[in-house]
Visitor: 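Would you mind keeping the following structure in view while I ask a few things?
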Amino acid sequence: MRLLLDESVPRPLRTSFPAAYEVRTVPEMGWAGTGNGALLRLAADNGFDALLTVDRGFAHQQNLDDLPLPVVIMLAASNRPDELRPLVPIVIDVLSGALERRVYHVSEVGR
């Protein structure tokens, strides 16, 4: 599975995913500063299966009926890697299911 980490997600988090995931970052792809709508289209056009972000406003900035790929929003106290790492297994659970082109909110609440 190909996963794109938004600019808001710290790069060190990529090593928290198993080898079965090809995890790339927005800056690594040369897409830094690209608006969310264009970023989603680029990600889909380049074969990514999902976008991972910590941008809580992401869902309000997009036409949710027209998402080109699934978006996973990680909800933590901060975007520090140590705050986000506990959410990675939950993200993997979400990504392992039947994915739809929608926004998924992931947090430890209710786990």
Side-chain angles (χ1 to χ4, degrees):
M1 172 169 277
R2 294 190 76 211
L3 184 60
L4 181 65
L5 300 186
D6 193 16
E7 289 180 270
S8 60
V9 179
R11 289 181 191 185
L13 194 67
R14 73 188 297 170
T15 61
S16 299
F17 287 87
Y21 289 84
E22 179 188 339
V23 183
R24 305 289 297 269
T25 67
V26 168
E28 177 182 15
M29 295 301 297
W31 301 337
T34 303
N36 288 340
L39 180 61
L40 287 170
R41 286 188 297 282
L42 278 169
D45 291 347
N46 284 274
F48 285 95
D49 297 299
L51 174 74
L52 180 61
T53 186
V54 296
D55 181 354
R56 293 173 183 252
F58 196 96
H60 305 290
Q61 301 164 5
Q62 302 304 309
N63 177 357
L64 300 182
D65 295 328
D66 194 31
L67 288 175
L69 75 163
V71 175
V72 179
I73 300 175
M74 299 176 76
L75 304 171
S78 76
N79 70 339
R80 292 184 7 230
D82 61 326
E83 295 278 345
L84 295 172
R85 273 192 197 94
L87 300 179
V88 170
I90 305 167
V91 170
I92 291 170
D93 285 347
V94 167
L95 296 174
S96 297
L99 287 177
E100 299 175 22
R101 293 177 180 173
R102 70 177 190 90
V103 174
Y104 295 87
H105 293 88
V106 173
S107 69
E108 286 193 297
V109 176
R111 179 165 192 204

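Excluded from the calculations below are hydrogen atoms, water molecules and symmetry mates; all remaining heavy atoms, backbone and side chain alike, are included. Just so you know, residue 1 is the first one in the sequence shown, and it goes up from there. This structure is a prediction, so every number in the text was calculated from the model and none was measured.
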Visitor: At their closest point, which heavy atom of L69 faces which heavy atom of A43, and how far apart are they?
Guide: CD1-CB, 4.1 Å

Visitor: Determine the minimum heavy-atom distance between A76 and L84, stating which atoms define it.
Guide: CB-CD2, 3.7 Å

Visitor: Let me confirm one number: the CG-CG distance from N79 to L13, rounded to the nearest 0.5 Å.
Guide: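 If we round to the nearest 0.5 Å, N79:CG and L13:CG are 10.0 Å apart.
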
Visitor: Kindly say whether G33 contributes a backbone atom to a donor-acceptor pair with the side chain of E7 at under 3.5 angstrom?
Guide: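 Yes; at least one donor-acceptor contact below 3.5 Å.
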
Visitor: Which atoms form the tightest heavy-atom contact between G57 and D55, and what is the distance?
Guide: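 Heavy atoms of G57 and D55 come nearest at N-OD1, 3.0 Å.
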
Visitor: Within the structure provided, determine whether M74 and P86 are in side-chain contact (heavy-atom separation under 4.5 Å).
Guide: no

Visitor: State, to 0.1 Å, how close R85 and D82 come at their nearest heavy-atom pair, and which atoms those are.
Guide: NH1-N, 3.7 Å

Visitor: Under the salt bridge (charged side-chain N to carboxylate O under 4.0 Å, His left out) rule, what pairs show up with a residue in residues 27-50, not counting sequence neighbours?
Guide: R14-E28, R24-E28

Visitor: When you measure from the side chain of S8 to the backbone of V54, do you find a donor-acceptor pair of N or O atoms at a distance under 3.5 Å?
Guide: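 Looks like yes, one N/O pair under 3.5 Å.
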
Visitor: What pair of heavy atoms forms the shortest contact from P70 to Y104, and how long is it?
Guide: CB-CE1, 4.0 Å

Visitor: Looking at L4, I73, L5, which hits side-chain contact (heavy atoms from CB on, under 4.5 Å) with L52?
Guide: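 Answer to the side-chain contact (heavy atoms from CB on, under 4.5 Å) test with L52 among L4, I73, L5: L5.
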
Visitor: How would you list, by chain and number, every residue that makes a salt bridge (Lys or Arg N to Asp or Glu O under 4.0 Å) with R2, sequence neighbours excluded?
Guide: E22

Visitor: Just wondering, do M1 and F17 contact through their side chains at under 4.5 Å, heavy atoms?
Guide: no

Visitor: For T25, which residues count as a side chain to side chain donor-acceptor pair (under 3.5 Å) partner, sequence neighbours excluded?
Guide: none

Visitor: Working to the nearest 0.5 Å, report the span between CG of L95 and CG of D93.
Guide: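 Separation between the atoms: 9.0 Å.
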
Visitor: Can you find a pair of side-chain heavy atoms, one from V26 and one from T34, that are under 4.5 Å apart?
Guide: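 Result no, sub-4.5 Å side-chain heavy-atom pair not found.
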
Visitor: How far apart are the closest heavy atoms of N46 and L42, and which atoms are they?
Guide: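 Minimum heavy-atom contact is ND2-O, 2.7 Å.
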
Visitor: Between atom CG of L87 and atom CG of L75, what is the distance when rounded to the nearest 0.5 Å?
Guide: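 So the gap between those two atoms works out to 8.0 Å.
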
